[in-house]
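Here the structure comes first, spelled out in structure tokens, and everything after it is commentary.
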Amino acid sequence: MAERAAQLSVDGQTIDLAVLSPSEGYDAIDISALITEGYVTFDPGFMSTASCESSITYIDGDEGILLHRGYPIEQLSSSSNYLELTYLLLFGSLPTQSEFDAYKEKIRAETYVDDRLLALCATLPQHSHPMGIMCSLVGAMSAIFHHETDITDAASRDQVAIKLIAQMPICAAIAYRHSVGKPMLPAKPELAYGEHFLHLMFSEHEDDEVNPVLATAMDRIFLLHADHEQNASTSTVRLAGSTDANPYASIAAGIAALWGPSHGGANEAVLDMLAEMGSVDRIEEFVGKAKDSNDPFRLMGFGHRVYKNYDPRAKVMQQTCDEVLNELGVENDPVLQMARELERIALADDYFVQRRLYPNVDFYSGIILKAIGMPVELFTVIFVTGRTSGWIAQWKELVSEPYKIGRPRQMYTGSRNRDYVPIGAR
């Protein structure tokens, strides 16, 4: 990265700062030495702070661009599949056929139902939230596999990544089947990734077949959620990893961060919003509420914090949504009718078009998962399953090079030094 100079002037003191130019995106002012001059920067939410250097994912929110290792998400979603994308995220390039075959064999070797995870899940109440179960299962993996994990060894790091990608859909299925009181089916590693996930989730018998349209849709949902740069959960994984924490524990921390409704729960919020609307007849009323600046109601699944243009993932998900609804013939489902009518109104309304409040990936994925029959409380678990590959790729990138433990600063606004007063004299 070419280096240029910037200057910060404070109280007559001039501080020189390097300006770094990435391959894509904003130039970065290197303020890492600023604290030696007695200053820190104040940036709530880290919206103007680059916390790391990464070559995995690039987002241009103004232009609606999402690249994984330089490849546009539109090309990957139309020509690739989730497992091939995981290889790209982990190793930096698209695999040859022989490389991909070998990689898939490694994934299959780690695709089994671990009785220790089943036993742990059995101790939890049946009504436990699936995200809490996911935190517990992946946390348990940090204990089970701790002594065979060496984060300083490249082969060990790769093995962790492969195991997590293979095991995460199995953990999700364990959580779901526990919640409905059904025994877990044996793994079938020979099935494709999305197909295997749906088989483990919903099949009644080992030889049941999965609808190929739904399997393709599931694979695409995983692909579109695989990585999204330095969001809250990814940053959490990196921050935990910077302490030399066990990688399974770091991923469990990412799951906890994703659990928040402002992050991973957005597609669940779409269904909650539709339930609040109640019927197609009330959509105009709620659209009016969304336009009213004095009304706290807002449309969920529209617009995006990063994308100020159309979410590129939403274009792909919209097509997938049409394919799934046509395949299942569920046009008469009242919730799905509301979703499609809301989509039609918002895309034609100048208020939303001018503000670029387009339906995002969460809007369409929520509709798809609802149509497939996925319980709403499992929506964020689906997100976890897809995002695991991005998390572990980001962790792997972090620990493969020299790094420092994360240590954000603060702007303290509490009391100044005070003398302790004994309790009897207060």
Side-chain angles (χ1 to χ4, degrees), residues 54-59 66-73 75-77 79-95 99-100 102-111 134 137-138 141 149 154 156-173 189 191-197 200 218-238 240-241 247-255 257-258 263-264 313 316 361 365 380-400:
S54 179
S55 62
I56 298 173
T57 297
Y58 171 69
I59 298 170
L66 171 60
L67 306 177
H68 292 313
R69 302 288 192 182
Y71 294 97
I73 191 63
Q75 293 181 21
L76 292 169
S77 59
S79 303
S80 186
N81 57 66
Y82 179 68
L83 272 187
E84 186 179 48
L85 176 58
T86 67
Y87 185 99
L88 174 66
L89 294 175
L90 290 174
F91 302 110
S93 61
L94 291 171
E99 288 172 335
F100 193 38
Y103 177 66
K104 287 189 289 186
E105 282 303 315
K106 292 178 181 178
I107 294 287
R108 291 181 185 126
E110 295 293 346
T111 302
M134 294 296 283
L137 295 180
V138 179
M141 291 174 73
T149 304
S156 182
R157 294 194 295 266
D158 290 346
Q159 186 60 31
V160 168
I162 288 168
K163 187 184 290 290
L164 276 164
I165 291 169
Q167 283 292 315
M168 202 59 73
I170 296 172
C171 289
L191 298 181
Y193 199 85
E195 179 186 17
H196 187 230
F197 173 72
L200 290 178
M218 202 71 250
D219 192 87
R220 199 168 288 160
I221 287 175
F222 291 149
L223 183 149
L224 292 172
H225 287 85
D227 192 55
H228 212 234
E229 207 224 71
Q230 305 308 316
N231 48 70
S233 56
T234 300
S235 297
T236 298
V237 170
R238 277 186 171 264
Y248 300 99
S250 298
I251 300 302
I255 295 173
L258 190 69
H263 188 6
R313 302 169 300 168
V316 180
V361 67
S365 64
T380 313
V381 171
I382 305 301
F383 199 155
V384 166
T385 306
R387 182 55 57 85
T388 294
S389 59
W391 285 337
I392 198 62
Q394 297 273 350
W395 171 85
K396 185 168 171 277
E397 180 181 66
L398 168 76
V399 300
S400 297

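For the single chain, residues carry numbers from 1 onward in sequence order.
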Heavy-atom check, side chain of Ile251 versus side chain of Leu164, under 4.5 Å: yes
pair Leu88-Leu76: side-chain heavy atoms closer than 4.5 Å: yes
All salt bridge (Lys or Arg N to Asp or Glu O under 4.0 Å) counterparts of Arg69, not counting sequence neighbours: none
Heavy-atom pair with the smallest gap, counting every atom of Ala232 and Ala257: O-CB, 4.3 Å
side-chain contact (heavy atoms from CB on, under 4.5 Å) involving Ala172 - partner list, sequence neighbours excluded: Met134, Phe197, Val381, Thr385
Close side-chain approach of Ile165 and Leu90, heavy atoms under 4.5 Å: yes
Nearest non-hydrogen partners of Ala240 and Ala253, listed with the distance: CB-CB, 4.4 Å
Audit row: Met168, Val138, side chain to side chain contact (heavy atoms under 4.5 Å, CB included) steps and yes/no: CA-CA 8 Å; Met168 202 59 73; Val138 179; 3.8 Å; yes
Check: Ile392 and Leu89 side chains under 4.5 Å, non-hydrogen atoms: no
Atom pair CG (Asp219) and NE2 (His196), whose distance is rounded to the nearest 0.5 Å: 13.5 Å
For the student: nearest non-hydrogen atoms of Ala226 and Tyr82, plus distance: CB-CE1, 4.0 Å
Contact check, side chains of Tyr71 and Leu85, non-hydrogen atoms, under 4.5 Å: no
Heavy-atom pair of closest approach, residues Leu83 and Tyr103: O-CE2, 3.5 Å
side-chain contact (heavy atoms from CB on, under 4.5 Å) against Thr380, all qualifying residues, sequence neighbours excluded: Met131, Leu258, Glu268
Gap separating the CG atom of Leu223 from the CZ atom of Arg313, nearest 0.5 angstrom: 11.0 Å
Shortest non-hydrogen contact between Ser77 and Leu224, atoms and distance: CB-CD2, 4.1 Å
Non-neighbouring partners of Glu110 that pass salt bridge (Lys or Arg N to Asp or Glu O under 4.0 Å), sequence neighbours left out: Lys163
Approximate separation, where rounding is to 0.5 Å, of Ile162 CD1 and Gln167 CD: 12.5 Å
Lys106 atom NZ: more than 12 heavy-atom contacts under 6.0 Å: no
Student check: side-chain heavy atoms of Trp391 and Val384 closer than 4.5 Å: yes
Short side-chain to backbone donor-acceptor contact, Tyr193 and Asn81, under 3.5 Å: no
Over all atoms of both residues, closest heavy-atom pair of Gly254 and Val237: CA-CG2, 3.6 Å
Arg157 backbone acceptor or donor facing Lys396 side chain under 3.5 Å: no
Nearest-0.5 Å distance that lies between atom OG1 in Thr234 and atom CD1 in Ile56: 9.0 Å
Interatomic spacing from CD in Gln394 to CD in Gln230 - rounded to 0.5 Å: 4.5 Å
All side-chain contact (heavy atoms from CB on, under 4.5 Å) counterparts of Pro95, not counting sequence neighbours: Glu84, Tyr87, Glu99, Phe100
OG-CD1 distance between Ser365 and Ile382, expressed to the nearest 0.5 angstrom: 10.0 Å
Candidate list Arg238, His263, His228, test side chain to side chain donor-acceptor pair (under 3.5 Å), partner Ser233, passing option: His263
Set of side-chain contact (heavy atoms from CB on, under 4.5 Å) partners for Ala192, sequence neighbours left out: Glu195
Side chains of Phe222 and Ser389 in contact at under 4.5 Å (non-hydrogen atoms): no
